[in-house]
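Structure first, then comments.
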Amino acid sequence: MKSVPLRWLIVVPFVVLTLIAGITLYLVSTITIANVANSVGIQYIKEVEDRIYGHVRHFTAPLSSIVDINRNAFSYRPELLDSLTPLASRLYEQAMPYPHMTFISVATTDGRYLSSTRNPFKTEHHSVAANFVNKTLTMEGFEYHPVRHIGDKIEKDPSFSYDPRTRPFYQDAVKAQGMVWSKIHPYYGFPTLGIGLSGPIYDQQGKLLGITATSVALTELDDFLESIALVDNAYIFLAERDGALIATSSKDELYTIRNGVTTRVSLVTHPDKVFQMASKQLKSGVYSLEVEGEKFLYHVRSISLGYGETWLLGILIPSSHHKIVLAEHNQAALFITLILFACIALVGSLIARYIGKPIQRLNQAANDKNLESIQKLPQPLSGILEINSLSQGLHLMADNLADIMQNLDKKVAQRTSHLEDENENLLECSITDELTKLHNRRGLNQAFERTFKYAQQQNKSITFVLCDIDHFKSVNDKFGHSAGDLALVEVAKILKSHLRSTQEIVARYGGEEFALVFVDTDLNHVIARMNKIRQEFVAKPVFDNQHITMSFGITYIEEVSSTSQQMLIDVTDAKLYRAKNSGRDKIVS
């Protein structure tokens with residue numbers, strides 16, 4: 001059979017170009033549609049975000065304005081604070097334009113307090129609170145009177161002792177020496193959160209005159225977020241930097257009160273898994289989240305309220321909202337691409353009928369895991385020149401491999417033996433302290449575990465010892481770390497010399513601390529051996545005529561099954577601590 005060059009059978013160039021064009025069209029279309037869809041989603045988020053951002057800034061701006069106005073007024077006219085009663089009208093008029101402004105107050109350094117108060121769920125301004133009208137430092141509620149300023153007492157309101165100087169809004173402002181936000185808190189008796197801003201009042205000589213403050217109910221923010229027309233399954237939240245929720249687009253509770261304890265709901269503790277996932281990304285930016293198969297486009301933006309206070313605005317919309325807008329275009333691109341692939345597949349199948357069978361035989365022989373299968377292929381194998389050349393190359397390679405395989409087993413065995421030796425060396429190094437040649441912490445853990453199990457199985461007693469070189473830091477500081485290393489090596493030699501059997505363990509526990517383990521050894525005998533070690537330190541310097549002392553903690557366990565390794569270590573460590581704290585150079589058992 002006459003051989004035919006494989007290049008003669010290569011697919012016509014325009015087929016290849018069609019394939020490339022089809023793939024390119026599909027990829028570009030998919031990427032473009034995805035980018036456009038994301039842009040649509042981000043644009044939608046930005047529009048909603050800008051509305052909320054502007055509303056929050058507009059909502060909180062009056063707090064700082066009113067506090068700043070009052071601070072300046074009282075600073076330049078301190079005589080206004082001599083009698084607070086006329087100020088009730090001033091605070092009332094300041095609060096009137098702002099329905100959710102619950103408190104505007106002033107407190108003096110002698111403890112007098114006056115505030116304009118409002119129910120956060122009613123638009124009318126209804127009362128004045130003061131602690132100086134009938135009895136000093138006794139808070140009472142009064143009707144507002146346009147002439148007398150403070151009108152009749154509201155009998156249903158309770159009276160109670162109240163010194164504003166002990167309250168957080170007062171103390172925080174004094175400490176900050178400037179404007180400061182209060183912590184967000186639930187209003188007593190009202191199902192809403194609130195936040196306040198306070199600032200100190202100084203006269204022109206810098207003397208503290210008092211504190212003026214404002215407070216606003218955050219229920220309006222909840223109402224505003226709920227009023228925004230969102231796409232289905234979208235979420236909006238306002239939160240503090242730690243994730244504590246301020247307001248959401250849903251009507252979920254923002255705090256709970258149980259047994260008198262108030263607990264704020266945060267993104268992490270919220271029952272909705274979408275909020276829980278959102279808590280993992282609280283830095284400003286655009287993110288993608290997936291919750292139970294639903295993908296969301298998530299945008300976080302910080303809102304600075306000034307004076308160190310920053311809130312977080314988060315908006316999540318389902319990706320299906322903006323992607324469905326362009327889904328039909330994606331389907332059309334997919335349909336065109338599939339047609340192109342179908343044409344290419346048809347051409348490929350025609351070529352496969354001519355070259356597929358010999359290539360399949362080559363593939364079967366190559367995957368047979370037997371060189372003889374390749375050597376048995378007929379020559380020539382096909383009418384295609386390149387396939388014949390490949391078949392002959394495989395024949396030659398099979399012959400060469402057969403020769404190589406004869407010596408391969410021997411080389412593999414030699415390499416395996418060498419690797420086993422290297423692994424043993426590496427294992428030994430991993431459990432040996434490089435300086436003292438004792439077990440390191442890892443080696444101690446392995447040996448201690450084996451010994452502990454042995455003591456449990458054989459019902460043997462076990463004794464664990466922790467010892468520590470006294471004042472070792474001063475040795476390093478005075479003589480240098482090289483001298484300290486010499487001391488550690490000498491201590492290791494002395495400890496190791498007092499071992500009596502292979503069941504006994506000595507290890508460097510860490511730093512200047514060593515550990516010993518004894519099995520089936522009487523406690524008094526262990527203590528006697530530790531005393532011999534102490535005597536040896538007295539008789540023998542560890543370097544350059546320098547002696548050291550050591551403190552010992554010893555724990556003896558008769559019934560090993562009643563304890564654990566970690567408990568044994570912890571108890572012994574506590575005893576060593578007692579030995580160190582009671583004068584050192586001691587044994588505590």
task = Using distance alone, with no hydrogens and no angle criterion, decide if Ser75 and Gln204 have a side-chain donor and acceptor under 3.5 Å apart.
result = yes
request  = Please examine the side chains of Leu193 and His185, heavy atoms only from C-beta on, and report whether any two atoms are closer than 4.5 Å.
outcome  = no
inquiry  = Test your reading of the model: is there a side-chain donor-acceptor pair from Thr219 to the backbone of Thr192, 3.5 Å cut-off?
reply    = no
ask   = Can a donor-acceptor pair be found between the side chains of Gln565 and Asn445 at a distance below 3.5 Å?
value = no
note = Rounded to the nearest 0.5 Å, the OG atom of Ser302 sits from the CH2 atom of Trp311 at a distance of 13.5 Å
query = Arg508 side chain to Gly511 main-chain N or O, any donor-acceptor pair under 3.5 Å?
reply = yes
remark   = When rounded to the nearest 0.5 Å, the distance separating NZ of Lys295 from CG of Leu316 is 15.0 Å
query = When rounded to the nearest 0.5 angstrom, what is the spacing between CZ in Phe224 and NE2 in His55?
reply = 5.0 Å
ask   = Any side-chain heavy atom of Leu221 sitting closer than 4.5 Å to one from Phe59?
value = yes
query = Are the side chains of Thr138 and Tyr162 in touch, meaning some heavy atoms are under 4.5 Å apart?
reply = no
Considering all heavy atoms, the nearest Asn131-Pro164 contact = ND2-CD, 3.7 Å
query = Is there a donor-acceptor pair under 3.5 Å between the side chain of Ser182 and the backbone N or O of Gly196?
reply = yes
note = Between the CE atom in Met277 and the CD atom in Glu292, the distance rounded to the nearest 0.5 Å is 10.5 Å
remark   = Heavy atoms of Tyr298 and Gln281 approach each other most closely as OH-O, 2.9 Å
request  = Check Thr248 against Asp222 and note the closest heavy-atom contact, atom names and distance.
outcome  = N-OD1, 3.2 Å
task = Could you check Phe74 against Leu87 for side chain to side chain contact (heavy atoms under 4.5 Å, CB included), going step by step and ending with a plain yes or no?
result = CA-CA 11 Å; Phe74 299 143; Leu87 297 181; 3.9 Å; yes
message = I'd like to know if Arg264 and Glu240 make a salt bridge, using a cut-off of under 4.0 Å between side-chain N and carboxylate O.
response = yes
Pair Asp573, Tyr577: side-chain N/O donor-acceptor within cut-off below 3.5 Å = no
request  = Apply ring pair (Phe, Tyr, Trp, His ring centres under 6.0 Å) to Phe169 and list each qualifying residue two or more places apart in sequence or on a separate chain.
outcome  = none
Within 6.0 angstrom of Lys46 NZ, more than 12 heavy atoms from elsewhere = yes
key: Modelled atom types, side-chain donor and acceptor of Thr85 and His149, under 3.5 Å   = no
message = Quick check on Glu290: does its CD atom have over 12 non-hydrogen neighbours (other residues, nucleotides or ligands) under 6.0 Å away?
response = yes
Distance-only polar pair, side chains of Ser127 and Thr117, donor-acceptor under 3.5 Å = yes
request  = With rounding to the nearest 0.5 Å, note down the distance linking OG in Ser284 to CG in Leu313.
outcome  = 9.5 Å
key: Nearest atoms (heavy-atom pairs only) where Val265 meets Glu253   = CG2-O, 3.6 Å
request  = Would you check, one step at a time, whether the test side chain to side chain contact (heavy atoms under 4.5 Å, CB included) holds for Ile317 with Tyr235?
outcome  = CA-CA 7 Å; Ile317 63 172; Tyr235 296 81; over 6 Å; no
request  = Is it possible for you to check whether Arg118 lies under 6.0 Å from the centre of the six-membered ring of Tyr144, through NZ or CZ, and within 45° of that ring's axis?
outcome  = no
message = Run the side chain to side chain contact (heavy atoms under 4.5 Å, CB included) test on Ile104 and Ile66 for me, step by step, so that the C-alpha distance in whole Å, both residues' side-chain angles and the decisive distance to 0.1 Å come before the verdict.
response = CA-CA 8 Å; Ile104 301 178; Ile66 292 173; 3.8 Å; yes
request  = Heavy atoms only: give me the nearest Ser115-Phe103 pair and the separation to one decimal.
outcome  = OG-CD2, 4.0 Å
message = Any heavy-atom pair between the side chains of Gln276 and Leu267 that's under 4.5 Å?
response = no
query = So, do Leu297 and Ile45 sit near enough that their side-chain heavy atoms are less than 4.5 Å apart?
reply = yes
key: Whether Asn259 side chain and Val261 backbone form a donor-acceptor pair below 3.5 Å   = no
query = Can you find a heavy atom in the side chain of Glu143 that is under 4.5 Å from one in the side chain of Val128?
reply = no
message = Can you confirm whether Leu305 sits close enough to Thr310 that some side-chain heavy atom of one is under 4.5 Å from a side-chain heavy atom of the other?
response = no
message = Once salt bridge (charged side-chain N to carboxylate O under 4.0 Å, His left out) is applied, what residue pairs with a partner in residues 300-314 remain, sequence neighbours excluded?
response = Glu49-Arg301, Asp50-Arg301
inquiry  = Given 3.5 Å as the limit, does a donor-acceptor pair link the side chain of Arg112 with the main chain of Leu137, or not?
reply    = no
ask   = Can you tell if the side chain of Val174 reaches within under 4.5 Å of the side chain of Pro200, non-hydrogen atoms only?
value = no
message = Under the criterion side chain to side chain contact (heavy atoms under 4.5 Å, CB included), I'd like the reasoning laid out for Arg51 against Ile228: C-alpha separation, chi angles, the key distance, then a yes or no.
response = CA-CA 9 Å; Arg51 287 180 59 196; Ile228 296 176; 4.0 Å; yes
task = Tell me whether the centres of the aromatic rings in Tyr113 and Phe132 are closer together than 6.0 Å.
result = no
task = Output yes when a side-chain donor or acceptor of Tyr98 lies under 3.5 Å from a complementary backbone atom of Gln94, and no otherwise.
result = no
ask   = Can you name the nearest heavy-atom pair linking Ser64 to Leu197, along with the distance?
value = CA-CD2, 3.3 Å
inquiry  = Name the residue from Leu254, Leu238, Ile246 that meets the side chain to side chain contact (heavy atoms under 4.5 Å, CB included) definition with Leu218.
reply    = Ile246
task = Hey, could you give me the CG/CZ distance between Leu114 and Arg90, rounded to the nearest 0.5 Å?
result = 11.5 Å
ask   = Between the side chains of Glu294 and Asn233, does any donor sit under 3.5 Å from an acceptor?
value = no
